[in-house]
Amino acid sequence: MDQAIELQDYLRVISKYKWLIMFCTMLCVATALFVTANMTPIYESSIQLLVNQSQSYAAGYPSAADAYQSILMSERLAKTYSQMIQSRSTANKIIEKTGVSLTPAELINKINAEPIRDTQLIKVTVEDENPARARLIANATGEVFKKTVEDIELNGLSKKSRPLISITVVEPAITPSAPIKPKPVLNLVLALFIGLASSTGLAFLLNYLDTTIKDTDEAERISGLISLGQIPVIPKGKELIVKAGPRSTAAEAFRMLKTNLQYINFDSTIRTVVVTSAGAGEGKTLFSANLAAVIALSGHRVLAVSCDLRKPRLHQVFGLSNDVGLANILIGAVSLDAAIQETEIERLDLIASGPAAPNPADLLESARMQLFLEEAQRRYDFIILDTPPAILVTDALVLVSRSDGVILLARSAVTTKHAFLALRGALKKVNARVLGFSLNAVSSKHRYGYYKYYRYYGQGQKSYLESASAKAKGERISA
Ligand SMILES: Nc1ncnc2c1ncn2[C@@H]1O[C@H](COP(=O)(O)OP(=O)(O)OP(=O)(O)O)[C@@H](O)[C@H]1O
Ligand SMILES: [Mg+2]
């Protein structure tokens, strides 16, 4: 099971960066194609030389030991001669013989001479851009070197003496028909392999450097909190999705979330809920509006309160005004009744933020806030409090002690693990009752996760009972 999850993790990284991997691989292949196409073809021509040692033996016939000794000697000579073939003096003689316009150093670079193992043979290979010239040089090398060895052997001997060592060209050079370099197929395979390996490595590095929370399972694993349900991406222009698109997957997700909350709230003690998240723009306002709406649609009286006195927006989601709101109530300017606005959803009312106040945290901490909440609780079944980002300002934490529970929101691929865990820690410090978390704006590629095949809900949702039983089995690691 763990191995399957690991494999799924790898596949997910590859799938996430598939375009990068494809682009880098294509770039490698295209570069290889370009370089291969622009490479000068190189031809190779070779000869084989036999190193012969003719001996006169005292007894007339060589003994087996003499013959063996002679072969060993020839092999050793083959090694020495291989070095001599690639010498400057041999190169000069070849240039003189063939008339090729090369310097000795350039010519030596083209010639490779190697003894063939366990034989008396030397293989001389010549590489050149011109196939005919490769052959010419190879043959000339054989002839020149044969003559060089003869001269060495005859040096100091009388005219009648036979040289003891001779060189025979056993295989002359032929004009090569095809180049040996470049090798297009090999180059392409190598480029493909290098491109795939390096881009996959890059994908894993980028994934490692990306510290945002991507899926619910990951958030559960690192925080030890229970997921109340994840919210998919809501189409633009349909912010109040439970009303604007009741059959959409997002509306379905909010209904599921409400059901999960009902499991937690089996004794009906949770009535005032704070919705918070670490950073800005993670979806608190949208989430609060839809959560309040879905609860109201199920038959409860709900009050949605915009406790974000710094960046009021909840009224916008309901298409209502922000002229009078919580700020007016908290400075004692208006009564609750005067600030309440009815929304288009039955049983759901709104208290907007109201005019900007210089000291939001003080207002939210005031006794009037306590009185306001008490009165609201007398009139409504549930009160949903939308708050500003908890890591940036203390407003949300101030409200925690006045609520029955907190829902922690994180935005998929936006909220960092660090910020999420920091907020969880801060909530722990103020003894908040964290009901669970919800991952917002989860794109379809992250929605399924490991439970794709057996989540009954079909949208990658786990019910609260599933999560709770997973916790009981110790599936999650508490951070
Ligand atoms: N599930 C979602 N799918 C698509 N867009 C979303 C989703 N949730 C929020 N958004 C968009 O993200 C933006 C920020 O949302 P919202 O105002 O609710 O965040 P917020 O956490 O309240 O921000 P702030 O911290 O500034 O109060 C809005 O444009 C909203 O439409
Ligand atoms: Mg907001």
Side-chain angles (χ1 to χ4, degrees), residues 239-240 271-293 295-296 301-345 347-409 423 426-427 430 432:
E239 290 203 311
L240 196 56
R271 295 183 51 210
T272 306
V273 174
V274 167
V275 175
T276 187
S277 81
E282 291 175 339
K284 296 174 289 293
T285 302
L286 218 83
F287 183 91
S288 305
N290 281 289
L291 179 64
I295 297 173
R301 287 167 301 153
V302 184
L303 182 67
V305 185
S306 178
C307 299
D308 189 345
L309 304 181
R310 299 163 196 268
K311 206 175 150 193
R313 214 179 78 77
L314 194 58
H315 61 280
Q316 285 174 359
V317 181
F318 291 107
L320 296 172
S321 108
N322 191 41
D323 295 345
V324 180
L326 186 63
N328 306 81
I329 298 175
L330 296 183
I331 59 169
V334 299
S335 67
L336 176 60
D337 282 311
I340 284 175
Q341 300 183 67
E342 281 184 11
T343 71
E344 57 181 321
I345 294 167
R347 294 177 294 275
L348 175 58
D349 291 342
L350 169 78
I351 298 279
S353 299
N359 52 345
D362 294 341
L363 287 179
L364 294 171
E365 219 172 357
S366 67
R368 281 210 181 96
M369 182 69 189
Q370 182 65 30
L371 292 174
F372 157 74
L373 286 174
E374 281 168 10
E375 192 177 349
Q377 276 166 359
R378 279 195 290 277
R379 297 190 188 192
Y380 296 90
D381 301 322
F382 292 99
I383 300 152
I384 307 296
L385 307 179
D386 176 29
T387 63
I391 289 287
L392 304 180
V393 289
T394 57
D395 306 14
L397 294 178
V398 163
L399 290 172
V400 161
S401 60
R402 298 199 160 151
S403 70
D404 305 317
V406 180
I407 295 178
L408 195 51
L409 200 65
L423 178 54
L427 289 170
V430 293

Donor-acceptor pair, distance only, cut-off 3.5 Å: does the side chain of [X] make one with the backbone of [Y]?
X: Thr387; Y: Cys307; result: no
X: Ser306; Y: Pro312; result: no
X: Gln377; Y: Thr272; result: no
X: Lys284; Y: Gly279; result: yes
X: Arg301; Y: Arg379; result: yes
X: Ser403; Y: Val273; result: no
X: Asn290; Y: Phe287; result: no
X: Asn322; Y: Ala352; result: no

- Determine, step by step, whether Leu309 and Ser353 satisfy the side-chain contact (heavy atoms from CB on, under 4.5 Å) criterion, reporting the C-alpha distance in whole Å, the side-chain angles of both residues, the deciding distance to 0.1 Å, and the verdict. CA-CA 5 Å; Leu309 304 181; Ser353 299; 4.0 Å; yes
Using every non-hydrogen atom in the two residues, find where [X] and [Y] come nearest and quote the distance to one decimal.
X: Leu423; Y: Ser277; value: CD2-C, 3.5 Å
X: Ala361; Y: Arg310; value: N-NH2, 3.9 Å
X: Ala296; Y: Ile345; value: CB-CG2, 4.1 Å
X: Leu364; Y: Arg402; value: O-NH1, 2.9 Å
X: Ser335; Y: Ile329; value: O-CG1, 4.1 Å
X: Gly354; Y: Asn328; value: CA-OD1, 3.8 Å

- Query: Should the heavy atoms of other residues, nucleotides or ligands under 6.0 Å from CD of Glu342 be counted, would the total exceed 12?
  - Reply: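 Result for CD/Glu342: open.
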Close side-chain approach of [X] and [Y], heavy atoms under 4.5 Å:
X: Ile351; Y: Ile340; result: yes
X: Leu240; Y: Glu344; result: yes
X: Asp308; Y: Leu314; result: no
X: Gln341; Y: Val324; result: no
X: Leu399; Y: Thr276; result: no
X: Arg378; Y: Glu374; result: yes
X: Ile407; Y: Leu291; result: yes

I need the [X] [atom1] to [Y] [atom2] distance, nearest 0.5 Å.
X: Leu397; Y: Glu365; atom1: CG; atom2: CD; value: 10.5 Å
X: Asp381; Y: Ile295; atom1: CG; atom2: CD1; value: 9.5 Å
X: Arg271; Y: Leu303; atom1: CZ; atom2: CG; value: 11.5 Å
X: Leu326; Y: Met369; atom1: CG; atom2: CE; value: 5.0 Å
X: Ile391; Y: Glu282; atom1: CD1; atom2: CD; value: 9.5 Å

- From CA spacing to verdict: side-chain contact (heavy atoms from CB on, under 4.5 Å), Thr285, Val317: CA-CA 8 Å; Thr285 302; Val317 181; 4.0 Å; yes
- CA sep, side-chain torsions, deciding dist, call: Val302, Ile384, side-chain contact (heavy atoms from CB on, under 4.5 Å): CA-CA 8 Å; Val302 184; Ile384 307 296; 4.1 Å; yes
- Worked check of side-chain contact (heavy atoms from CB on, under 4.5 Å) between Arg313 and Asp386: CA-CA 10 Å; Arg313 214 179 78 77; Asp386 176 29; 5.9 Å; no
